[in-house]
Each structure stands twice: as C-alpha cells, then as structure tokens.
Amino acid sequence: MAKQSGLGDALLIAGYDLSGDIQALGNVGGGPAALEQTGIDKFAMERIGGIRDGRMQYTSFFNPGTLPDRSHARLKLLPYADVIMTYMRGTALGSPSANIVAKQANYDGNRGDSGEFTFSVDAQANGYGVEWGRSLTAGKRTDSTATNGTGVDFGVGSPPLFNGAALFGLQAYLHVFAFTGTSVTVKLQESSDNGVGDTWADVAGGAFTAATGITSQRIATAAGQTVERYLRVVTTGTFTNAVFAVSAIRNDVEVKF
C-alpha cells in the first residue's frame, strides 16, 4: 500500500492516548505465515496458513512531559509484560482499527541534523497477531452515566446467514483513559436490524471486566458463536465520568489462535 496521511488517526496504548506524540506509523501488518504444502502431483504451488503474527512499528516525538499521556513517560519504561495497542484509522464511528497484544521490543532514539529527536518503536504480537476490526466508539467516548451507544453495521457474514449474522464469534478491545466513580462495565450488544424490530441483546461473552481506573483489556467470545449484523457498546455501573474507546472484530471466517 502506498504511503498515506495519518491525519485524524489515533494510537492507543494500554489505556493511554499517545496520538499527539506519534509522528508516523511505518508498518501495521501481519497474518498467518504461508506454509508451502505442494504435493509432487501438483502443477502449481499449494500453501496453508501457519502461525498468526503481527506487528506495529511507529515513530514517536521526544516529549519529556510528566502528564500520563505523554509518549516518553510511557514508552521509556520498556515493559516486560504485554501491552494492548489499538490503531484507529480515523476516529469516526465504525472506522477501521488494528488491534494487537504485543511486546514493545525497543525504544531507539534518533537525532536528525536539524536537531529533531525521535524514537523508533517496534511492537511484536504475542499470541493473537494483528486483528483488524471496526471502532465501536467515535474515537474516545465520554459517558457520565449508564449509556446505550449507536449501532455499527458489520455487514452480512461469510457465509451469509439470516439477517447478516456471522458464525465465528468475535474479539473486542477496550481502553479506559479516565474514570471517576465506583466502577463501569463496558459491554457489547447485538441486533439483526439495528434495534428496529430485533431488540438489542447482550452478546454472550461480550462484557469486559468492570473497570475502576485506567486500563486496557481484550475479550473473545466462543469461536463458533453466532454474532448479529449490528453491534453497539453500552455502559452500566456507578460513575460520573468514564472516557474509553472500544474496537470489535467480528469473524466472518473461522479463526484459530
């Protein structure tokens, strides 16, 4: 793919929005390795999918500020534990998003002749590869009380079932950036027609663990679960301020991790 502008995009890492300090994303990719399985009786190459992998490579400005959403304060730590990352390709409701559970492999400084100081970061997937989905919030969403979000159309499944449902479950990612209150539970609901005649219902296995502060999570439903065409995010709990973002991946084909 040719180089594209990233204006209006967002990079979320472990419950922090570092977008303001990100200069560019150099590589967002991955997928199953192509394993050659060509029999001697064939006249063309045969391949099957191998291990799923993924990566996010990006460049960060040097911003030594002490605020929690300044990149240097977060990235210099080089955590040993996995971090959850979401790249939002635009911040409109339903925009594409890439999600990954990854290890931050490096934090390499680069000083240009002009004096510009940047850092190159390579995040390598650990367990699930890159998962492309859709944003169920328009960038960061702020709820001051229990709220029903707007539905997003995920289209007809493959193979298409009645009213566009898909057969293979879903995964979802949550980042909570700020919170005031006792706890907030963020969960997904589904409908075949955006709630027109088919009442919204909770997705089985589609609720994140209740959050009480800054956090990030990944959840997955059963692999063979039917998921309806429309999805939305709802919040419940006791709180006065919850700032968060959610991305979901509805599997239109069978996926194994």
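Treat the numbers as computed from the prediction; the structure is a model and nothing was measured.
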Pairwise side-chain contact, Thr137 with Phe244, heavy-atom cut-off 4.5 Å (strictly under): yes
Note, Asp143 side chain near Val184 side chain (heavy atom, < 4.5 Å): no
Min side-chain heavy-atom separation Ile22-Tyr87 under 4.5 Å: no
Single-linkage hydrophobic cluster Val234~Leu136, side-chain heavy atoms < 4.5 angstrom: no
From CD1 (Ile84) to NE2 (His175), nearest 0.5 Å: 6.5 Å
Short side-chain to backbone donor-acceptor contact, Asn251 and Val253, under 3.5 Å: no
Separation between OG1 of Thr180 and CG of Asn241, rounded to the nearest 0.5 Å: 5.0 Å
Sequence-distant partners of Phe61, ring pair (Phe, Tyr, Trp, His ring centres under 6.0 Å), two or more places apart: none
Positive for side chain to side chain contact (heavy atoms under 4.5 Å, CB included) with Met85, one of Leu18, Ile100, Val28: Ile100
Note, Val152 side chain near Leu231 side chain (heavy atom, < 4.5 Å): no
Nearest-0.5 Å distance, CZ of residue Phe208 to CZ of residue Arg218: 10.0 Å
Test item: Asn63 side-chain N/O and Asp21 main-chain N/O as donor-acceptor pair under 3.5 Å: no
same_hphob_cluster(Phe177, Val186) at 4.5 Å side-chain heavy-atom cutoff: no
Closest contact, heavy atoms only, Arg250 versus Phe154: NH2-O, 3.3 Å
Heavy-atom side-chain contact between Leu174 and Ile219 under 4.5 Å: no
Heavy-atom donor-acceptor pair, Ser60 side chain to Phe119 backbone, under 3.5 Å: no
Minimum heavy-atom distance between Gly155 and Arg229, given as atom pair plus value: O-CG, 3.5 Å
Polar side-chain atom of Thr38 near backbone of Glu46 as donor-acceptor pair, under 3.5 Å: yes
Main-chain N/O of Thr145 paired to Thr147 side chain as donor or acceptor, under 3.5 Å: yes
Donor + acceptor pair across side chains of Asp193, Ser191 (<3.5 Å): yes
Taking every non-hydrogen atom, the tightest pair across Ala248 and Leu188: CB-CD1, 4.4 Å
Spacing of Ser216 atom OG and Asn99 atom CG [to the nearest 0.5 Å]: 11.0 Å
Cluster overlap Leu78 with Leu75, hydrophobic side-chain contacts below 4.5 Å: yes
Side chain to side chain, Ile214 and Val176, heavy atoms closer than 4.5 Å: no
Arg74 to Tyr16 six-membered ring, cation-pi geometry met (6.0 Å, 45°): yes
Exercise: identify the closest heavy-atom pair between Ala10 and Thr91: CB-CG2, 4.1 Å
Side chain to side chain contact (heavy atoms under 4.5 Å, CB included), paired with Val233, selected from Gln189, Lys187, Arg141: Arg141
Closest contact, heavy atoms only, Phe239 versus Thr236: CE2-O, 3.8 Å
Rounded distance [0.5 Å steps], CD in Glu116 versus OG1 in Thr59: 9.0 Å
Expected output: side-chain Asp9 to main-chain Gly90 donor-acceptor under 3.5 Å: yes
Over all atoms of both residues, closest heavy-atom pair of Arg89 and Ser95: O-CB, 3.6 Å
Side-chain (Gln104) to main-chain (Asn106) donor-acceptor, under 3.5 angstrom: yes
Side-chain touch Val101/Tyr173, heavy atoms, less than 4.5 angstrom: yes
Polar side-chain atom of Asn110 near backbone of Asp108 as donor-acceptor pair, under 3.5 Å: yes
pair Asn194-Trp200: side-chain heavy atoms closer than 4.5 Å: yes
Listed pairs under 3.5 Å, donor-acceptor, residues 48-56 side chains, sequence neighbours left out:
| residue | atom | partner | partner atom | Å |
| --- | --- | --- | --- | --- |
| Arg52 | NE | Tyr128 | O | 3.1 |
| Arg52 | NH2 | Tyr128 | O | 3.2 |
| Arg55 | NE | Asn27 | OD1 | 3.2 |

Neighbour count above 12 (heavy atom, 6.0 Å) for Lys42 NZ: yes
Side chain Glu190, main chain Glu228, donor-acceptor under 3.5 Å: yes
Over 12 non-hydrogen atoms of neighbours within 6.0 angstrom of CG in Asp113: no
Common cluster, Val203/Ile249, ILVMFWY with side-chain heavy-atom separation under 4.5 Å: no
Leu25 reachable from Met88 in the ILVMFWY side-chain graph, under 4.5 Å edges: no
Glu131 backbone acceptor or donor facing Gln171 side chain under 3.5 Å: no
